[in-house]
Amino acid sequence: MRLGVLGGGQLGRMLALAGYPLGLTFRFFDTVSDACAGQVGDLVTGSFDDPQAVSDFAEGLDVITYEWENVPVDAVRLLAERVPVFPPPEALEVAQDRLAEKHFFQQLGIPTPAFEAIDSLDALQGAVQRLGLPAVLKTRREGYDGKGQRIIRAAGEIEPGWEDLGNRGPLILEQFVSFEREVSIIAARGRDGDCAFYPLVQNTHTSGILSRSVAPAPDVRNGLQRTAEDYGRSVVERLAYAGVLAIEFFVSEGRLLANELAPRVHNSGHWTIEGAETSQFENHVRAVAGLPLGSTAMRGQAAVLNLIGATPDGSDVLAIPNAHLHLYGKSPRPGRKLGHVTVRSDGAGEVEAAVEQVQALIRAQGGSSL
Ligand SMILES: Nc1ncnc2c1ncn2[C@@H]1O[C@H](COP(=O)(O)OP(=O)(O)O)[C@@H](O)[C@H]1O
Ligand SMILES: [Mg+2]
């Protein structure tokens, strides 16, 4: 079976690394010729609105998926007329617009932070009156890793906020949630409708970028896991989904508030490569290829540290017991995700000890992750 992947970043690369043992082959589409998935599969480069390039990519594929959230939905719908596309384009459409995404959660009865659509300075001033401060002003589209958003803490920051973001398309204002912690759930749904969930993971962001995930999230009441799975199930069923999907939540006063969803494999699921019976990448590939899902059961405890901007010496990382190194084959640039280290062990204490050591290496080497 030949799988096409829209986007050729590290997520696509890890999809291919999981899919080859199942007998699948991979072709990627990206706008840049040095996309790192090109090191492990065919890479077609071009613009998503170039019908010829997209058509060359689709030639001979059995199924198409995506690893990048901002693929133009029109291009995906066009492709879907020719080759089956999973997850369905509707999932992409919802996830690309923070306002549509919040409305979607509301329709399913999933709580979110209070929010308002913003299309003028007046609207922003009115929304601040109603939602209160601090609040977070975000572009509705194309934000990632904390880009395209700023916190408004005082009335004097309203105008500068509008000046900064107002010319970048429509915006959304959200109440600032003083959360106890951030968690995410990863759901997998097969083409036959079978669903599976990984345990809730606790996430730490540094400057808006995910720096660390711990699996399972410590001290999770059984009820919280069940609620997250209920929310996950209603999302994937409403979308008639196939593939892996992540939902990020704030935990506030012990309750889950949905922040955003990602219709793809997710950084907070990287631990599953070593830490689960079947990784998120393998389950995504299985799902979109119409194969049975694999068990999501955990193999011990795990933590992931992202390598952002710079990478420590590989042999130093590998000398740490229980540490596993994943480099993405990308050239270093400040703020860029270059790889991750997973620590996995049967004991939480061992995981913590190894995480300390990995962190020390990252710090010593000047990486910006922690
Ligand atoms: N309404 C909010 N209240 C508090 N913190 C927020 C809020 N929105 C975003 N953040 C912080 O910023 C991070 C990135 O925001 P998010 O909306 O998830 O955008 P991105 O697409 O960049 O991941 C969140 O994980 C959280 O730490
Ligand atoms: Mg996020």
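Small disclaimer: the values here were computed from a predicted structure and weren't measured. Ligands are counted one by one from 1 in listed order, and the atoms in each one are counted from 1 as well.
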Parallel, tilted or perpendicular: rings of Tyr328 and His270 (30°, 60°):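 Taking Tyr328 first and then His270, their aromatic rings stand perpendicular (interplane angle over 60°).
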Atom nearest to the Mg ion (ligand 2) - Glu248, N, O or S atoms considered: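 It is OE1 of Glu248.
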Please name the atom of Glu260, restricted to N, O or S, that is closest to the Mg ion (ligand 2).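 Answer by atom name: OE2.
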Closest approach of any protein heavy atom to [atom], naming residue and atom:
{"atom": "atom 5 (N) of ligand 1", "result": "Phe179 CE2, 3.6 Å"}
{"atom": "atom 10 (N) of ligand 1", "result": "Phe250 CZ, 4.0 Å"}
{"atom": "atom 22 (O) of ligand 1", "result": "Gly146 N, 2.5 Å"}

Heavy atom to [atom], shortest distance: which of [options] holds it?
{"atom": "atom 23 (O) of ligand 1", "options": "Glu174, Gln175, Glu260", "answer": "Glu260"}
{"atom": "atom 8 (N) of ligand 1", "options": "Lys138, Glu101, Glu69", "answer": "Lys138"}
{"atom": "atom 2 (C) of ligand 1", "options": "Thr206, Thr112, Val136", "answer": "Val136"}
{"atom": "atom 27 (O) of ligand 1", "options": "Glu182, Glu142, His205", "answer": "Glu182"}

Look at Arg82 together with Glu59 and state whether they make a salt bridge at an N to O cut-off of under 4.0 Å.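 Yes, this pair counts.
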Can we say Arg286 and Glu282 salt-bridge, meaning some charged N sits less than 4.0 Å from an Asp/Glu carboxylate O?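 Here Arg286 pairs with Glu282 in a salt bridge, since their nearest N and O are under 4.0 Å apart.
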With sequence neighbours left out, write down each residue that passes ring-ring contact (aromatic ring centres under 6.0 Å, His included) with His326, or none if nothing qualifies.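 Per chain and number, His326 pairs via ring-ring contact (aromatic ring centres under 6.0 Å, His included) with His340.
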State whether the side chain of [X] and the backbone N or O of [Y] hold a donor-acceptor pair below 3.5 Å, judged by distance alone.
{"X": "Thr65", "Y": "Phe86", "answer": "yes"}
{"X": "Arg336", "Y": "Ser331", "answer": "yes"}
{"X": "Glu180", "Y": "Glu253", "answer": "yes"}

In terms of side-chain heavy atoms, does Glu248 have a donor or acceptor partner in His266 at a distance below 3.5 Å?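 Judged by distance alone, the side chains do pair up.
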For Ser213 and Asn203: C-alpha separation, side-chain torsions, deciding distance, then whether side chain to side chain donor-acceptor pair (under 3.5 Å) applies. CA-CA 4 Å; Ser213 296; Asn203 302 315; 2.8 Å; yes
Evaluate Asn283 against Tyr198 for side chain to side chain donor-acceptor pair (under 3.5 Å), listing each step before the verdict. CA-CA 11 Å; Asn283 261 337; Tyr198 292 92; 3.0 Å; yes
Go through ligand 1 atom by atom and flag the ones less than 4.0 Å from a non-hydrogen atom of [X].
{"X": "Asp145", "value": "20 (P), 22 (O)"}
{"X": "Asn259", "value": "16 (P), 17 (O), 18 (O)"}
{"X": "Gln149", "value": "9 (C), 12 (O), 14 (C), 15 (O), 16 (P), 17 (O), 19 (O), 22 (O)"}
{"X": "Tyr144", "value": "21 (O), 22 (O)"}
{"X": "Glu248", "value": "18 (O)"}

Test item: protein heavy atom less than 4.0 Å from atom 13 (C) of ligand 1: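 No.
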Looking at ligand 1, is there an atom of it that comes within less than 4.0 Å of some heavy atom belonging to Gly143?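 For ligand 1, residue contact (heavy atoms, under 4.0 Å) with Gly143 is present.
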For ligand 1, is there an N or O atom under 3.5 Å from any N or O atom of Val177?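 There is such a contact, yes.
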Taking 4.0 Å as the limit for heavy-atom contacts, which would you say applies to Phe176 with ligand 1: side chain only, backbone only, both, or neither?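 It is both backbone and side chain that touch ligand 1.
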Could you go through residues 348-357 and list every donor-acceptor pair under 3.5 Å that involves a side-chain atom there, pairing it with any protein atom two or more places apart or in another chain?
from	atom 1	to	atom 2	distance (Å)
Glu350	OE1	Ser345	OG	2.1

